[in-house]
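Reading through the structure tokens given below for one structure.
FYI, side chains are in, hydrogens and waters are out, and symmetry mates aren't considered; it's all heavy atoms of this structure. Note on naming: letters A, B, ... go to the chains in the order of the sequence lines (proteins, then strands), and numbering restarts at 1 for each one.
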Amino acid sequence: MTEPRPLKIYNTLSGKKEEFRPITPGHIGMYVCGPTVYSDVHLGNCRTFCSFDNIYRYLLHIGYKVRYVRNITDVGHLTDDGEDRMTKGAKVAQLEPMEVAQRYTVGFHDMMRIFNTLPPSIEPRATGHIIEQIEMVQQILDRGLAYERNGSIYFNVPKFAGEYAGVYGSVSGRILEDLYTETRELKSQEEKNHPADFAIWMKARPQDLMIWNSPWSVGFPGWHLECSAMSTKYLGKTFDIHGGGNDLKFPHHENEVAQNHGACGCHPANYWVHTNMLLLNGKKMSKSDGNTISPTELFTGTSEHTSKAYSPMAVRFFMLMAHYRSTLDITDDGLMAAEKGFLKIMETNRLLQNLVVNARDFDGSETPSDRAISSLIQEAYAGMDDDFNTAIAIASLNEMGSFVHKLSNQQLATSEVSPWVLDRMKVVFSTFLFDIFGLADESATGSDTGTVEGLMNLILEIRAQARTQKDWGTSDKIRDTLSAVGITVKDGKEGVSWAKA
RNA sequence: GGUUUCCUGGCCGAGUGGUUAGGCACAGCUCUGCAAAAGCUGCUACAGCGGUUCGAAUCCGCUGGAAACCUCCA
């Protein structure tokens, strides 16, 4: 990388888009809050991780060396009733908590692979970093920002807010004074001095299964602490980007910032990036109230919310059509439109990669089409540079697609596009589709591709013969039968091609 | 109750002061044996009311509607 690209990122801390400046030129440290592995990963998680996958891929593409850390939460994340999620899952399935963690970690990885996301550079587990968490609790205690109550350690939020003016609330916009009146129905919070205080170490209760020794009690770390400890361990006290879902802003991220400050006196991340929620029926997807659809249901078409099955890449394309900071409502119509758009843009890419122009046709001057295509390429990059706007980039590719089809149909003379512009467009198109958007050509998957290819060639050859003999009955029967099994026959000037519908 | 966000054409969804986003659907045309595919053309909207401005979907205010967070959730 020679020149750093002018990249703008929306920073939750400032509430606006900022010019991105890495701490170390050419390098980026990025931490994203991963899943709690107590049940099957849900679609909302998938959107968040697909969004950060696109951010990760784009940063890599423009030349950064990125260390991408995404944790696995396997302890300390309590339910409403104060029960550890892992323990609860273990009781339900009659398993060891770590069996539960393993089962759903594997499931999560499988799903991430299905969505074609790149694995993070490091994927630390909370249970693998108990020592680091205990050390951080000690650091916070040493700085006088936490207190012990019956073997549990609580972070002293009012004291912290007093010592570091303007820090508490910088992520969520929450005002400490309001938390007195806002917090309703305190549950087992009688040990706390202030309702905003939170546990960084919890003494085990008889029902707790995942417990460790510590200087204060046998217990387990507070949920927020793992991210503070692990981000510090792998990315340093202050790193570039911290991400997660919108709903983690408060209390999780707010408390994370407080803990890091409490431990080291510095801010953990320069840029906080939050993705927005996936909606179903206009409301946030939520397992607890049944307003949800699982990735698997989406892929198999077994949900009452959709009329048919949608492929993983069609779903990913659907997500790409919206900006990561906007809510995205899952609807059957929206998915259908995305699926068609996805199939079309993949087909456009196939046509583009096969286009050939003869260099001898050119005198080296720039044609109007050259200029238009070059400016569309610029727009695609400008979109990504402006807070990773994939919707803008897709719009630009679609407009390039119009040139591709015209060239392919010979509705635009090949002499109208210079070879070097065509080559550039080929590279840009496939780079965006595969390297940046993380899409994959699903029609090309499968080990029987060669067989299908051979069969199709035979069938279409027979049809071509029938057509030259004006045997429309045979010709149409082939076309209609193929159509019935989901294969579209495309008659073009150059010959016949086909695609799975 | 507190805090915050959003309301864009038939549908999805970009866009934050002046220029056609894009996709899907639909209509017409071209191509075709007929279709499909593809191309071209058309459909040009910004919840309502008021204000600021030469000019607002974009800024401000009010009204209406929806959602999120405050409590586990990406």
Side-chain angles (χ1 to χ4, degrees), chain A residues 15 32-36 38 41-52 77-83 85 88 169 172-175 178-187 195-196 223 243-252 274-279 282-288 317-318 321-323 325-342 344-345 347-348 351 379 383 386 389-399 401-402 404-406 408-412 467 470 472 475-476 479-480 483 488-493 496-499 501:
Chain A
V32 173
C33 289
T36 302
Y38 66 104
V41 62
H42 82 110
L43 199 56
N45 275 276
C46 295
R47 184 196 185 192
T48 292
F49 300 136
C50 282
S51 295
F52 282 106
H77 193 169
L78 306 184
T79 67
D80 258 352
D81 312 323
E83 196 172 5
R85 303 183 95 82
K88 191 175 182 183
S172 64
R174 227 148 281 274
I175 296 160
D178 295 342
L179 292 174
Y180 270 118
T181 50
E182 284 174 20
T183 308
R184 306 172 295 189
E185 287 303 308
L186 308 182
K187 305 175 292 274
W223 170 43
N246 224 340
D247 50 353
L248 292 180
K249 280 183 189 169
F250 190 89
H252 186 58
H274 288 100
T275 58
N276 217 135
M277 300 294 102
L278 210 47
L279 308 182
K283 288 188 178 174
K284 182 179 158 180
M285 301 206 359
S286 160
K287 275 190 258 193
S288 50
F317 191 75
F318 172 70
M321 295 204 314
H323 185 86
R325 274 190 295 113
S326 299
T327 55
L328 175 61
D329 198 1
I330 294 187
T331 61
D332 208 34
D333 287 347
L335 285 166
M336 238 183 275
E339 181 185 55
K340 289 200 176 185
F342 168 67
K344 186 169 161 185
I345 206 167
E347 173 65 12
T348 301
L351 288 172
E379 280 173 30
D386 187 12
N389 198 323
T390 52
I392 293 281
I394 288 175
S396 308
L397 292 189
N398 274 320
E399 291 198 66
S402 176
V404 173
H405 285 291
K406 275 190 259 189
S408 180
N409 288 346
Q410 297 171 331
Q411 288 170 334
L412 181 67
R467 295 185 77 208
K470 298 199 191 300
W472 309 128
S475 165
D476 289 354
R479 183 219 287 158
D480 296 342
S483 168
T488 309
V489 175
K490 301 173 181 183
D491 292 313
K493 283 188 174 154
V496 188
S497 64
W498 61 277

For [N], does the base pair up with any side-chain atom of [X] as donor and acceptor (N or O, under 3.5 Å, distance only)?
X	N	value
A:Arg479	B:A36	no
A:Ser475	B:G33	yes
A:Arg325	B:C6	no
A:Asn276	B:A68	no

Closest approach to the side chain of [X], judged atom by atom: which nucleotide of [options] is it?
X	options	answer
A:Asp491	B:A14, B:A38, B:A36	B:A36
A:Phe318	B:C69, B:C12, B:A14	B:C12
A:Leu248	B:A74, B:G13, B:C69	B:A74
A:Arg174	B:G2, B:A74, B:G33	B:G2
A:Pro251	B:G39, B:G33, B:C70	B:C70
A:Ala322	B:A14, B:A74, B:G33	B:A14
A:Ser402	B:G39, B:G23, B:A14	B:G39
A:Lys284	B:A38, B:A74, B:C12	B:A74
A:Thr331	B:A14, B:C12, B:A74	B:C12
A:Lys490	B:G33, B:A37, B:C69	B:A37

For the residue pair [X] and [Y], what are the closest heavy atoms and their distance?
X	Y	value
A:Arg47	A:Leu278	CD-CD1, 3.8 Å
A:Phe49	A:Val32	CE2-CG1, 4.0 Å
A:Thr331	A:Phe318	N-CZ, 4.5 Å
A:Ser475	A:Arg467	OG-CG, 3.4 Å
A:Gly243	A:Phe52	CA-CZ, 3.4 Å

Give one of base, sugar-phosphate or nothing for [X], where a contact means two heavy atoms less than 4.0 Å apart.
X	value
A:His42	base
A:Met277	base
A:Glu399	sugar-phosphate
A:Leu278	base
A:Gly383	nothing
A:Gly44	base
A:Lys283	sugar-phosphate
A:Asp476	base
A:Ser396	nothing

Pair assignment for [N], Watson-Crick or G-U wobble, requiring both distances under 3.5 Å:
N	value
B:G10	B:C24
B:G50	B:C60
B:U3	B:A68
B:U30	B:A38

Report the distance from atom [atom1] of [X] to atom [atom2] of [N], rounded to the nearest whole Å.
X	N	atom1	atom2	value
A:Leu279	B:C11	CG	C1'	16 Å
A:Lys340	B:G22	NZ	P	19 Å
A:Arg47	B:A74	CZ	C1'	10 Å
A:Glu347	B:A38	CD	P	8 Å
A:Leu335	B:G23	CG	P	19 Å
A:Met321	B:G15	CE	P	14 Å
A:Lys406	B:G39	NZ	C1'	7 Å
A:Glu379	B:A14	CD	C1'	12 Å

Quiz item: Starting at the 5' end of RNA chain B and moving along, which residue's nearest nucleotide shows up first, A:Gly244 or A:Ile392?
Solution: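 Closer to the 5' end of RNA chain B: A:Ile392.
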- Closest-nucleotide ordering on RNA chain B, the 5'-leading residue of A:Gly401 and A:Asp329: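 It is A:Asp329 whose nearest nucleotide is closer to the 5' end.
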Between [M] and [N], how far apart are the [atom1] atoms? Round to whole Å, please.
N	M	atom1	result
B:C7	B:C62	C1'	16 Å
B:G1	B:U58	C1'	33 Å
B:A37	B:U30	C1'	14 Å
B:G33	B:C46	C1'	47 Å
B:G9	B:A45	P	10 Å
B:A35	B:U8	P	39 Å
B:C69	B:C40	P	44 Å
B:A47	B:A14	P	15 Å

### Task
Look at the side chain of A:Ser402 and the backbone N and O of A:Asn398, then say whether any donor-acceptor pair between them is shorter than 3.5 Å.
no
>> Keeping A:Asn246 on the side-chain end and A:His274 on the backbone end, is there a donor-acceptor pair under 3.5 Å?
In response: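 Not confirmed, A:Asn246 side chain does not pair with A:His274 backbone.
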Practice problem: Report yes if at least one side-chain N or O of A:Asn398 is closer than 4.0 Å to OP1 or OP2 of B:A21; otherwise report no. | Solution: no
Open item on the list: If the cut-off is 4.0 Å, is A:Ser326 near the phosphate of B:A14, judged by side-chain N/O to OP1 or OP2?
Closed with: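 Yes, such a contact exists.
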Rounded to the nearest 0.5 Å, the CD1 atom of A:Ile392 sits from the CG atom of A:Leu397 at a distance of 11.5 Å
- Query: Between A:Arg479 and A:Asp491, does at least one N-O distance fall below 4.0 Å, as a salt bridge requires?
  - Reply: no
* Are side-chain heavy atoms of A:Leu351 and A:His405 found at a separation under 4.5 Å? ->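 Yes, their side chains come closer than 4.5 Å.
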Ring-base stacking, A:Phe49 with B:A74 (5.5 Å, 30° cut-offs)
no
